[in-house]
Amino acid sequence: MNDITTYSLTEIRDLLAQGKVSAEAVTQACLTRIEATEPKLHAMLHTAAPQALEQARAMDRLGPNPKQTLWGVPLTLKDVLATADMPTTCASRILQGFRPPYDATLVARLRQAGAIFLGKTNMDEFAMGSSTENSAFGPTRNPWDLGRVPGGSSGGSAASVAARQCFGSIGTDTGGSIRQPAAFCGIVGLKPTYGRVSRFGLIAYGSSLDQAGPMTRTVADAALLLAVIAGHDPKDSTSAATPIQDWEAAATPGSLAGLRIGLPEEYWGEGLSAEVRATSERAFAMLRETGAELVPVTVPHTPYAIATYYIIAMAEASSNLARYDGVRYGYRSPHAKNLHEVFTFSRSEGFGEEVIRRILLGTYVLSAGYYDAYYKKAAQVRRRIREDFLAALDSCHLLCAPACPTVAFRLDENTADPLQMYLTDIFTVSLNLTGLPGISLPVGLGADSGMPVGIQFFGRSMDEATLLRVAATVEAARGPMPEPPL
Amino acid sequence: MRLCAADAQTIATLARLRIDEATAAHLAQQMASILDYMATLNQVDTTDVEPLYSPVEHVSVLRPDTPQVDFSREAILANAPQTDGEYFLVPRVIA
């Protein structure tokens, strides 16, 4: 038998269901891999080894349960998702040691489906960042090159999947935080339509932008996880009642004849590194060979996407993070002598620099006298951006875009100037402003750096099925990705 | 735009944050350059454009108004920095 961890999630699910491998053996294989790779990667903030093994043994005693679609499959979870049996810190000192009294809805659904949680993954503090360097507990490194970042904010999840520490992970995407790290680490990342997956228990950053989704090594694996976590939840008033679909069947390669795929000119123009362009454009040939028609489209408000996104995200963040006050949970400053100091000292000592910067900017753009000029203006431009996308998707079934202007950058390359870091999000933030679904998948390795290059597809509202079908077709045409040289 | 250390301090006060002088000056500079960048939105004509605050618009969600117990008092107090077993404790507010 191969090293168990080299199987895909779908393959291991089948082997487990057929009783060909025990849940304990699979869990142990992942834990061994975690132990071997963590000193280099730091993908995990918390590993639940004894708990996971105990659960696996208990499941083995009862035997595979055909009603549980993830019976015995080990997964990791981004540490922004509430888990009743593991700490949940958002990679922030202000939540160090916090144990939620409940599971996020998507966590409960995965549990019910028989998944085994290996632990919680590292991230940028409160999901604010594009490199996982903003974690209060130290950065995660890219399994392809330990001198480079894994992307962010779901960098720990991406690294843990790419390094075969687990068979899949759940990340969250507020401005690209699933798709960009997936591209940087050479894996698949799916951001579902806003409302597709319940946000109950997803600790809020930008509530009108946040969406959880699968990060996996194959497109079929992403489909399988989506089918478990999607669906209406009365505990999230923005969750959609749209029925879930047979996404596993959708994630099958096939002819794309009759499919029109738009190439937004604003995404394929200036600003792409040569190796990202050359590698991405291989996907065009793959799409044409399978019958898809590629057409130029335009989404003219793209130059305003970063400004729009950051105003809205920071405004929502400043409001959402007001809850950390040192009273009911989380860190309380030992230096506070009165109630006002409990608030201000606890927050100032508990939050990291980027979180403080975003709260300040968010407070500013929401303050009297500036609200209309910044926040309302951004919300108006947001509608313009959404209209651009809806018009482009009226004439096309999907749009195809690069995931990031460059391959994974080096640690500290973009940390001196925060605006510089924000600008790297140019190809991912618009999708969250629109609420539409998107997927990123690797198309190959860049010729200069040897690092993975990812492309994205953007779909119509609630049409994850077409995204998965096209992504699976590109994946098949591409052939297997090499292993990270870890 | 111009944003000085004192402006950053005022905003910090609104956000219940405390920043020292050196940090305030540094942050003010960064914030000014970020806000300058955000001012590019003024190039977009948004006359008569309704703001889009959420991708989910015009939905009112109601549920039956039935009381239920979600968590025990112990579970809720378990994460608090200071309690007396029944309530959250904070420094005395009224002298």
Side-chain angles (χ1 to χ4, degrees), chain A residues 98-99 101-102 194-195 207-208 234 237-238 240 301 303-304 306-308 310-311 318 322 325-332 336-345 347-348 351 356-357 359-361 363-365 367 374 376-384 386 417-419 422 433-435, chain B residues 3 7-8 10-20 23-24 26-28 30-31 33-57 59-63 70-72 74-83 88-93:
Chain A
F98 175 63
R99 268 176 195 266
Y102 62 95
Y194 183 83
S207 304
S208 79
S237 67
T238 60
H301 290 88
Y304 307 105
I306 296 269
T308 305
Y310 275 97
I311 290 172
S318 73
D325 56 10
V327 174
R328 293 150 301 154
Y329 42 75
Y331 173 79
R332 178 185 290 189
K337 288 187 285 293
N338 57 49
L339 185 58
H340 186 76
E341 288 181 357
V342 167
F343 300 152
T344 53
F345 290 13
R347 289 166 62 76
S348 308
F351 289 136
I356 286 180
R357 192 159 33 239
I359 291 175
L360 291 177
L361 282 160
T363 304
Y364 181 81
V365 301
S367 60
Y374 289 99
K376 185 178 171 201
K377 181 77 182 181
Q380 288 174 309
V381 180
R382 181 180 191 178
R383 186 176 296 280
R384 284 275 192 244
R386 182 173 156 92
D417 177 6
L419 183 58
Y422 302 166
L433 292 168
T434 66
Chain B
L3 205 69
D7 297 327
T10 306
I11 302 163
T13 306
L14 291 174
R16 298 291 180 268
L17 289 165
R18 187 180 63 142
I19 45 179
D20 62 43
T23 312
H26 177 64
L27 279 172
Q30 286 180 337
M31 289 168 67
S33 86
I34 293 166
L35 290 166
D36 275 339
Y37 177 78
M38 287 169 169
T40 55
L41 294 192
N42 293 326
Q43 297 163 7
V44 185
D45 180 8
T46 50
T47 318
D48 298 330
V49 177
E50 268 299 298
L52 177 68
Y53 294 115
S54 167
V56 178
E57 291 186 280
V59 187
S60 258
V61 180
L62 301 174
R63 58 167 171 75
D70 284 327
F71 301 108
S72 68
E74 291 73 27
I76 294 298
L77 289 174
N79 280 294
Q82 203 187 351
T83 80
F88 299 114
L89 291 190
V90 295
R92 179 181 292 275
V93 177

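Convention: sequence-line order gives letters A, B, ...; per-chain numbering from 1.
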- Between Arg382(A) and Tyr53(B), what is the shortest heavy-atom contact and its length? NH1-O, 3.2 Å
- Closest approach of Ile359(A) to Ala15(B) (non-hydrogen atoms, all atoms of both residues): CG2-CB, 3.7 Å
- Item | Interchain contact, Ala75(B) with chain A, by part (heavy-atom threshold 4.5 Å) | both
- Item | Between Leu14(B), Ile34(B), Asp7(B), Thr23(B), the one whose heavy-atom pairs under 4.5 Å with chain A are most numerous | Ile34(B)
- Note on the structure: dist Met31(B):CE -> Arg357(A):CZ (nearest 0.5 Å) comes out at 10.0 Å
- Would Leu433(A) and Leu52(B) count as a side chain to side chain contact (heavy atoms under 4.5 Å, CB included) if you check the C-alpha gap in whole Å, the side-chain angles of each, and the deciding distance to 0.1 Å? CA-CA 9 Å; Leu433(A) 292 168; Leu52(B) 177 68; over 6 Å; no
- Message: Looking at Arg347(A) and Arg16(B), would you say the former's side chain and the latter's main chain have a donor-acceptor pair under 3.5 Å?
- Response: yes
- Item | Heavy-atom pairs under 4.5 Å with chain B, option from Thr363(A), Thr434(A), Leu361(A), Leu419(A) with the top count | Leu361(A)
- Item | Salt-bridge present (Glu57(B), Arg383(A); N to O < 4.0 Å) | yes
- Query: Most heavy-atom pairs under 4.5 angstrom with chain A, which of Asn42(B), Leu27(B), Val44(B)?
  - Reply: Val44(B)
- Portion of Tyr37(B) that has a non-hydrogen atom of chain A nearer than 4.5 angstrom: both
- Donor-acceptor pair, side chain of Ser348(A) and main chain of Arg18(B), under 3.5 angstrom: yes
- Measure distances from Ser318(A) to the heavy atoms of chain B and classify the residue's part below 4.5 Å as side chain, backbone, both or neither. neither
- Task: Counting only heavy atoms closer than 4.5 Å, note whether Glu50(B) contacts chain A via side chain, backbone, both or neither.
- Result: both
- Query: Between the main-chain N or O of Val49(B) and the side-chain N or O of Gln380(A), is there a donor-acceptor pair closer than 3.5 Å?
  - Reply: yes
- Message: With a 4.5 angstrom heavy-atom cut-off, is it the side chain or the backbone of Ala378(A) that approaches chain B, or both, or neither?
- Response: both
- Query: When you look at Arg328(A) and Asn79(B), which way does the side chain to side chain contact (heavy atoms under 4.5 Å, CB included) test go after all the steps?
  - Reply: CA-CA 7 Å; Arg328(A) 293 150 301 154; Asn79(B) 280 294; over 6 Å; no
- Message: Please evaluate residues Thr344(A) and Leu17(B) with respect to the criterion side chain to side chain contact (heavy atoms under 4.5 Å, CB included), reporting the C-alpha separation (whole Å), side-chain torsions for both, the decisive distance (0.1 Å), and the verdict.
- Response: CA-CA 5 Å; Thr344(A) 53; Leu17(B) 289 165; over 6 Å; no
- Query: Among Tyr310(A), Phe343(A), Tyr374(A), Phe351(A), who wins on heavy-atom pairs under 4.5 Å with chain B?
  - Reply: Tyr374(A)
- For each of Thr83(B), Leu41(B), Val90(B), Val93(B), tally heavy-atom pairs with chain A at distances under 4.5 Å, and name the one with the top tally. Leu41(B)
- Message: Tell me which of these, Val365(A), Asp417(A), Ile311(A), has more heavy-atom pairs under 4.5 Å with chain B than the rest.
- Response: Ile311(A)
- All heavy atoms of Pro81(B) vs all of Gly326(A), minimum pair found to be CG-O, 3.4 Å
- Message: Using heavy-atom distances under 4.5 Å, tell me whether Val381(A) contacts chain B through its side chain, its backbone, both, or neither.
- Response: both
- Task: Could you pull out the closest heavy-atom pair between Ser54(B) and Tyr194(A), with the gap in Å?
- Result: OG-CE2, 4.1 Å
- Query: Is chain B contacted by the side chain of Ser207(A), its backbone, both, or neither, given a heavy-atom distance below 4.5 Å?
  - Reply: neither
- Chi angles and distances behind the side chain to side chain contact (heavy atoms under 4.5 Å, CB included) call for Tyr364(A), Leu3(B): CA-CA 11 Å; Tyr364(A) 181 81; Leu3(B) 205 69; 4.2 Å; yes
- Out of curiosity, Tyr422(A) OH to Met38(B) CE, how far, rounded to the nearest 0.5 Å? 7.0 Å
- Query: Just by distance, do the side chain of Asn338(A) and the backbone of Pro91(B) share a donor-acceptor pair under 3.5 Å?
  - Reply: no
